[in-house]
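Only one structure is covered here, and it is reproduced in the block below.
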Amino acid sequence: MVMGGLNNSIIKRAMEKELISIEAVNIRDYTLDKHKKVDDYPFGGGAGMLMQAQPVYDCYKAVIGKIDTFADSTRSMEGEDIPEDGPAKTRVLYMSPQGKTFHQEMAKELSKEENLIFLCGHYEGIDQRVLDKIGVEEVSVGDYVLTGGELPAMVMIDTIARLVPGVLNNDASSVDESFSEGMLEYPQYTRPEVWEGERVPEVLLSGHHANIEKWRKEMSLKNTKEKRPDLLK
Ligand code: SAH
């Protein structure tokens, strides 16, 4: 599901150009249970099932090991010394409705990280002990509850990946857009100049860059005032 959703279009090209690398890992592959079980009933009762600590932790350790090997090989390819302090720095984001709500600023910050793990829960979530042991940061996509963390992870990966330099053909397109200056973007138009009797705003055809800039700023402000007045605060 995750690779199927991400291995398309812009993100696919970014992977091919090796600007980013994405791998989906199945936690179920790490269970020691002979029936491949990864969930069990919650202590204290209550509805639903919980993911157990063991498969999550073993999977996490395997992924960290892989990241370290990868980081070391990249460094030696680039002639850099491999630091002896070992593990490459990796942030673990636990997809959770209880987390901080994901937003563009957070995406910008995360796009500068070398390694990210997106831990996806299922059923009613994950045994708290393993979340504490790993030291996860909880991040939410919004105040609603999904069946699993995969869709939230895909949303975040897509958002973060397009901010990595070179992923968009024109890097300016991620600077000059909604939320980047705390405002929404201005309306945009493409050919033809007249469609169904509607003309493109004249100023955009003028070639006068200062006027275009000024018009866009005004429209950005108007858009934000009308649609998201909360952003202006
Ligand atoms: N019982 C939990 C919800 C479990 S939903 C609670 O009440 O907090 C099952 C899994 O889906 C979670 O472990 C999480 O990984 C994912 N998930 C659900 N809603 C989410 C959201 N809004 N943002 C990010 N992940 C979410």
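Both ligands and their constituent atoms are indexed starting at 1 by order of listing.
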Considering heavy atoms of the protein only, find what lies nearest to [atom] and give residue, atom and distance to 0.1 Å.
| atom | result |
| --- | --- |
| atom 26 (C) of ligand 1 | Pro97 CD, 3.7 Å |
| atom 22 (N) of ligand 1 | Tyr144 O, 2.8 Å |
| atom 23 (N) of ligand 1 | Val141 N, 3.1 Å |
| atom 9 (C) of ligand 1 | Tyr123 O, 3.2 Å |
| atom 15 (O) of ligand 1 | Met95 O, 2.5 Å |
| atom 8 (O) of ligand 1 | Gln98 NE2, 2.9 Å |
| atom 2 (C) of ligand 1 | Glu124 O, 3.4 Å |
| atom 5 (S) of ligand 1 | Leu146 O, 3.2 Å |

Considering only NZ, NE, NH1 and NH2 on the basic side and carboxylate oxygens on the acidic side, decide whether [X] and [Y] come within less than 4.0 Å.
| X | Y | value |
| --- | --- | --- |
| Asp40 | Lys37 | yes |
| Glu181 | Lys217 | no |
| Asp58 | Lys61 | yes |
| Glu114 | Arg91 | no |

Using only atom types and a distance under 3.5 Å, with no angle test, would you say the side chain of Asn115 pairs donor to acceptor with the backbone of Lys89? yes

Using only atom types and a distance under 3.5 Å, with no angle test, would you say the side chain of Gln54 pairs donor to acceptor with the backbone of Tyr30? yes

For Met51 and His122, run side chain to side chain contact (heavy atoms under 4.5 Å, CB included): C-alpha distance rounded to whole Å, both residues' side-chain angles, the deciding distance at 0.1 Å, then the answer. CA-CA 7 Å; Met51 285 172 72; His122 218 85; 3.9 Å; yes

Mark up the atoms of ligand 1 that fall under 4.0 Å of a heavy atom belonging to [X], in ascending order.
| X | result |
| --- | --- |
| Gly125 | 13 (O) |
| Gly149 | 11 (O), 15 (O), 16 (C) |
| Ser96 | 23 (N), 24 (C), 25 (N) |

Yes or no: does Thr147 have any heavy atom under 4.0 Å from an atom of ligand 1? yes

So is Tyr94 close enough to ligand 1, meaning a heavy atom under 4.0 angstrom away? yes

N or O pair under 3.5 Å between Gly121 and ligand 1: yes

Does an N or O from Leu119, backbone or side chain, lie closer than 3.5 Å to an N or O of ligand 1? no

Looking only at heavy atoms, is any part of Val139 under 4.0 Å from ligand 1, and if so is it the side chain, the backbone, or both, or is it neither? backbone

